[in-house]
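Residue numbering restarts at 1 for every chain, and letters A, B, ... go by the order of the sequence lines.
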Amino acid sequence: MDTLRPPTRILPLHRSRTTPFCCATPTDQRPIRSADMAYPFHEIEPKWQEHWEEHQTFRTPDEIPDDEEKVYVLDMFPYPSGSGLHVGHPEGYTATDIVARYKRMQGVNVLHPIGWDAFGLPAEQYALKTNTHPRETTRENINQFREQLKRLGFSYDWQREVNTTDPDYYKWTQWIFLKLYEKGLAYQSEEPVWWCEELGTVLANEEVIDGKSERGGYPCERVPMRQWVLKITEYADRLLEGLDDLDWPESTKEMQRNWIGRSEGANVHFDLVGVDDSLDVYTTRPDTLFGATYMVLAPEHNLVDEITTDQHRAEVEAYCEEARRKSERERKAQKGEKTGVFTGGYAVNPVNGEEIPVWVADYVLTSYGTGAIMAVPAHDERDYAFAEKFGLPIREVVEGGNVTEEAYTDDGPHVNSANEDVSLNGLHNDEAIDAIVEWLEEKGRGERSVNYQLQDWLFSRQRYWGEPFPIVFTEDGEDKPVPEEELPVTLPDLETFEPSGTPEGPLSTIEDWVNTTDPKTGEPAKRETNTMPQWAGSCWYYLRFIDPENDDQLVDPEKEQYWMPVDLYVGGSEHAVLHLLYARFWHKVLYDAGVVSTKEPFQTLVHQGMILGEKEYTAFVDEDGQYVSVEHVEGGVDTRTGKEVERTELDEDEVEKDGDVFVLNDRPDVRVNARSHKMSKSRGNVINPDDVVDEYGADTLRLYEMFMGPLEQDKPWSTDDVEGVHRFLNRAWRLLIDDDSGEPTVTDDDPSRDQLRELHQTIEAVTTDIENLDFNTAIAAMMEFVNAANKWDTMPRATAEPFVLLLSPFAPHLAEELWARLGHDDSLAHEDWPEYEEELLQREVVEMAVQVNGTVRGTIEVDADADEDDVLTSAKEDENVARHLDGKDTQREIYVPGQIVNFVTG
RNA sequence: GCCCGAGUGGCGGAAUUGGCAGACGCGACGGAUUCAAAAUCCGUUGGUGCUUACGCACCGUGAGGGUUCAAGUCCCUCCUCGGGCACCA
């Protein structure tokens, strides 16, 4: 067998087409297009963007109209990173823009704002590297983002732009913090932070990997520090219940439910042998109390010391010390493999007086429940594994499994579960739980209890680029709030962004700022030098858009009542838990404070899917230049020979499909990978939206991103498909505009019945599709209209104009230009949205399928109002149908008007 | 391991309540136009087989079974991929 040389070309990862085609020269390898084939988007897009700005077309008036329907359409505002907009941004933004424009045309009062979530780590890290003030880079990045968004023609009310780093904005972030503080929902606690000696700074969790700094790989350690913590757990139940009425993706609600992690169970108090203290445990299975054969404390539990006997002390201390050194990640990585030591101490089981040994093991977490458990190995998998390893007894108390083999965690009748007072024997889980909890409560040995996985929110960061806390400390260390009228506490300038060298954070180095006085007493005081996390500003920005310039209030209550809640909120699913949970928490606090009138901020939530890179076909080649089929490759190595292999990109036409897999054309035995990957710089498959706008125009980018597929789905980019959408816009243009003269080609003829039906079908499809956010099929419907209309002899104005209006939310620049050329002086942004007439949708003659025994054997055309008998008669007359019915006994005739006829024979 | 979501042509994807699977777009192929190309326009395009032809038959929505006159859609079992959680007592 001869050897096929793999192509030497390792690239291209994707076809780069950054040259505007008007400038293309004949020497280009790529297809050359002449400038005059395309509609002049280079001219009309900037023209209309200026027009909208100049005429304030999308300004939402401050005054509240008396009785006008409203809709609040919101995008998750961006973090303005230095790398600018990526193609993922315009996806969600175009979706909301279509809805906003559509609703405006329906006469609805629309709020559609945008702003900047501009505090945060990257700006600060950039400052560290270049000694540029984050304020500078932030301003530059915002300017870039704003310009990029404007180039895409989004209909934001730019007068309402907010910026979380603006003192006029963060004044109110601080104000909300004061509300939390006043209500006792903000408290201080010693919590560990990651401190890196080498870098002289505190690091965020995500900057520390396996106990080493992400940058430099220096060792980091957990040091306890005074921190601000928000009591989100107090709202756990309300955050859980509130989810029920929200129109959110079910998966997102489920993630929040899991995150909150509510469970019902009981606390049980165990006496300790020879120690004057009791040990509390939380369990969801108090019914298995009779099966408890040992106890386990988390290594950090504060009774460990007391309970440990001298004989076991050295071993226990060594174990706890080792557990402390392990990072959380390491502890989790060894999941399954149980470790632990016996303390020498015993606890007394309250139900039977039995003395059971107390162990220390790191499979019990200090952060959940009481940090201690009763172990019931027969009915808990973790306890089972531990008991087996250390030879502890396993006692069955629930029947149904085989506890000599594995733990049985399901329901079943209880056994071996009785004392003089109470018997659970024969009861099933739920009844047994009720019975034993009742007994425990009666005896004062325990009580019902609810637990959450949700923990309080660690709210401070040892950073510069964030909101300062409105808190000062008097000399005796007491914390005092800065009075409302002195807000904002502004962020001072820094001269150098070098790490402070202490875990306190950069602000602690600015003495003028740190040293202040107690506003009440005038005594010397020091400012809090921590800053708030990036989540703070994004927790409430949707409220500020309603009343962005209000100096006296966070938001005017009347305006708030009119605009809230947000009717449509679109953003990435990466925020499914944190941002969306934190914002809901603050909203509920503000609700309790009487600042807002709704219990939930975001009524309908949609996550746009991720846009992946162009589809890639990848083969593997070993060092001898031989292709290696993908099923033999694992971790960059040919598993049969152990030789290293290299990835090679292939062109689409070098591969073909063979069954379920792709193989090389010339070597069908060599399977290749065919998939799309997340866009990333390292992979080199990033599409820059600016390039797409340069080459095809903003309308094409908008339309393409909506045409790719369902909004919520992940979808691969395809440059060929971009061109297809661009061709559609060109066809729509030429449908109405004469290429040579630039004049419209419409006539004043009355549209025919067919033309009207075509139009009204399109109106119906586009309208219902926008309502359902099915933008891809809305565009398909408009394509069908253009395909049909291209065959018409005339284009009556009465069909052309509604079509332009339908197109306008999707391709607003093109639509405005067409509208103007059709002779209108004003923007179409506030024209009435076309409405369809039911009767114009109907056809006089409909096509129906005729089946014999469920298989289509012919189609017939019948009058739309024909009755059943007539239809059945003409169905039987169809030649092919008659052939299949010939000589058979028709037993049933199924008739579904307008759709299908089915003859069932014996 | 647990909880969600998804598997449809060469590709992205369509398909109210079960009612003609493959809309629309891409790609491919053929044709018109052109000195030639690009652009544009027209046509064909799920697979297999049969037919001089109009056409006809069979197969086909991850796999297997079921319900039904009729299943991409409903039910059961299983497989694969994606996402989330993961010693939560």
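Proximity note for Arg727(A) (side chain, C-beta onward) versus rG27(B), rC20(B), rG12(B): the nearest is rG27(B). Checking rU17(B), rA89(B), rG13(B) against every side-chain atom of Thr284(A), the shortest atom distance belongs to rA89(B). Side-chain proximity of Asp362(A) to rG10(B), rA23(B), rC87(B): nearest is rC87(B). Set against rC20(B), rA89(B), rG12(B), the side chain of Leu365(A) has rA89(B) as its closest nucleotide. For Pro716(A), counting side-chain heavy atoms from C-beta on, the closest listed nucleotide (rA14(B), rC41(B), rG12(B)) is rG12(B).
Using a 4.0 Å heavy-atom criterion, one finds that Asn787(A) contacts the sugar-phosphate atoms exclusively. Gly369(A) comes within 4.0 angstrom of no nucleic acid atom, judged by non-hydrogen atoms across all strands. Across all strands shown, Ser263(A) has heavy atoms under 4.0 Å from sugar-phosphate atoms exclusively, and none from any base. Thr859(A) comes within contact range of at least one nucleobase, with a heavy-atom separation under 4.0 Å. Glu847(A) comes within 4.0 angstrom of a base, heavy atoms only. Using a 4.0 Å heavy-atom distance criterion, Pro710(A) is classed as a sugar-phosphate-only contact. If you check every strand for non-hydrogen atoms under 4.0 Å, Glu784(A) touches sugar and phosphate atoms only. Note on Asn451(A): nothing from the nucleic acid sits closer than 4.0 angstrom, heavy atoms only.
Considering only heavy atoms from C-beta on, Lys715(A) stays 4.5 Å or farther from Leu612(A) through its side chain.
With a cut-off of 3.5 Å on both pairing distances, the Watson-Crick or G-U wobble partner of rC85(B) is rG1(B). Base pairing annotation: rU73(B) forms no Watson-Crick or G-U wobble pair, as no partner gives both donor-acceptor distances under 3.5 Å. rA39(B) is unpaired under the criterion used here, namely a Watson-Crick or G-U wobble arrangement in which both key atom distances are under 3.5 Å. Base pairing of rU67(B) is not made with any nucleotide, judged by Watson-Crick or G-U wobble geometry with both donor-acceptor distances under 3.5 Å. Look at rU16(B): it lacks any Watson-Crick or wobble partner with both distances under 3.5 angstrom. rU48(B) is paired with rA57(B) under the criterion used here, namely a Watson-Crick or G-U wobble arrangement in which both key atom distances are under 3.5 Å. rC26(B) and rG10(B) make up a base pair, with Watson-Crick or G-U wobble contacts both under 3.5 Å.
Asp280(A) and Thr370(A) are not linked by any side-chain donor-acceptor pair at a separation below 3.5 angstrom, with hydrogens and angles left out of the test. Judged purely by distance below 3.5 Å, without hydrogens or angles, the side chains of Ser263(A) and Tyr368(A) pair a donor atom with an acceptor atom.
With its glycosidic angle within 90° of 0, rG9(B) is assigned syn.
For the pair Arg731(A) CZ and rC24(B) P, the computed distance is 11 Å after rounding to whole Å. Taking atom CG of residue Asn790(A) and atom P of nucleotide rG25(B), one finds them 11 Å apart after rounding to whole Å. When rounded to the nearest whole Å, the span between CD of Gln761(A) and P of rA23(B) equals 16 Å. The nearest whole Å value for the distance from the CG atom in Asn258(A) to the P atom in rG83(B) is 18 Å. For the pair Met708(A) CE and rG25(B) P, the interatomic distance rounds to 17 Å; values are reported in whole Å. Leu578(A) has its CG atom 13 Å from the P atom of rG84(B), to the nearest Å. Rounded to whole Å, atom P of rC81(B) lies 17 Å from atom CG of Asp714(A). Atom NE2 of His379(A) is separated from atom P of rC87(B) by 23 Å (rounded to the nearest Å).
Lys338(A) forms a cation-pi arrangement with Tyr363(A), by the criterion of a distance under 6.0 Å to the ring centre and an angle within 45° of the ring axis.
Comparing the C1' positions of rC41(B) and rU52(B) gives an interatomic distance of 32 Å, to the nearest angstrom. Taking the P atom of each, rC79(B) and rG64(B) are spaced 15 Å apart, rounded to whole Å. Distance noted for atom C1' between rG10(B) and rG83(B): 28 Å (whole Å). Spacing between rA28(B) and rC11(B) at atom C1', rounded to whole Å, works out to 11 Å. Here, rC35(B) and rG49(B) have their C1' atoms 45 Å apart, quoted to the whole Å. Rounded to the nearest Å, the gap between the P atom of rG13(B) and that of rC26(B) is 16 Å. Comparing the same atom, P, in rC29(B) and in rU16(B) gives a spacing of 34 Å after rounding to whole Å. The separation of rG55(B) from rG66(B), taken at their C1' atoms, amounts to 36 Å, rounded to a whole angstrom.
Contact check, Asn776(A) against rG12(B): no side-chain N or O comes under 4.0 Å of OP1 or OP2. OP1 or OP2 of rC11(B) lies within a sub-4.0 Å distance of a side-chain N or O belonging to Lys657(A). Between Tyr282(A) and rA89(B) there is no side-chain polar atom (N or O) within less than 4.0 angstrom of OP1 or OP2. Within the structure, a side-chain polar atom (N or O) of Gln713(A) is placed less than 4.0 Å from OP1 or OP2 of rG13(B).
Toward the 5′ end of RNA chain B lies the nearest nucleotide of Tyr617(A), the other residue of the pair Thr777(A) and Tyr617(A) mapping further downstream. Between Glu381(A) and Ile779(A), the residue anchored nearer the 5' end of RNA chain B, judged by the nucleotide with its closest heavy atom, is Glu381(A).
Counting only distance, with no hydrogens or angles, the side chain of Lys615(A) and the backbone of Ser676(A) share no donor-acceptor pair below 3.5 Å.
Here the rule is side chain to side chain contact (heavy atoms under 4.5 Å, CB included) with Arg262(A), and of Leu239(A), Asn451(A), Leu454(A), Leu240(A) only Leu240(A) fits it. Results of the side chain to side chain contact (heavy atoms under 4.5 Å, CB included) test with Val871(A) over Glu893(A), Lys876(A), Met848(A) single out Met848(A) as the only residue that passes.
For the atom pair CG (Asn787(A)) and CZ (Arg731(A)), the distance works out to 5.0 Å, reported to the nearest 0.5 Å.
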What does the B/S/- profile of nucleotides 57-73 of chain B look like, 5' to 3', with a 4.0 Å heavy-atom cutoff to protein?
SS----------B----
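Checked against a 6.0 Å centroid threshold, the rings of Phe386(A) and Tyr294(A) count as neighbours. Within the 6.0 Å centre-distance limit, the rings of His726(A) and Phe41(A) are counted as a close aromatic pair. The aromatic ring centroids of Phe775(A) and Phe707(A) lie 6.0 Å or more from each other.
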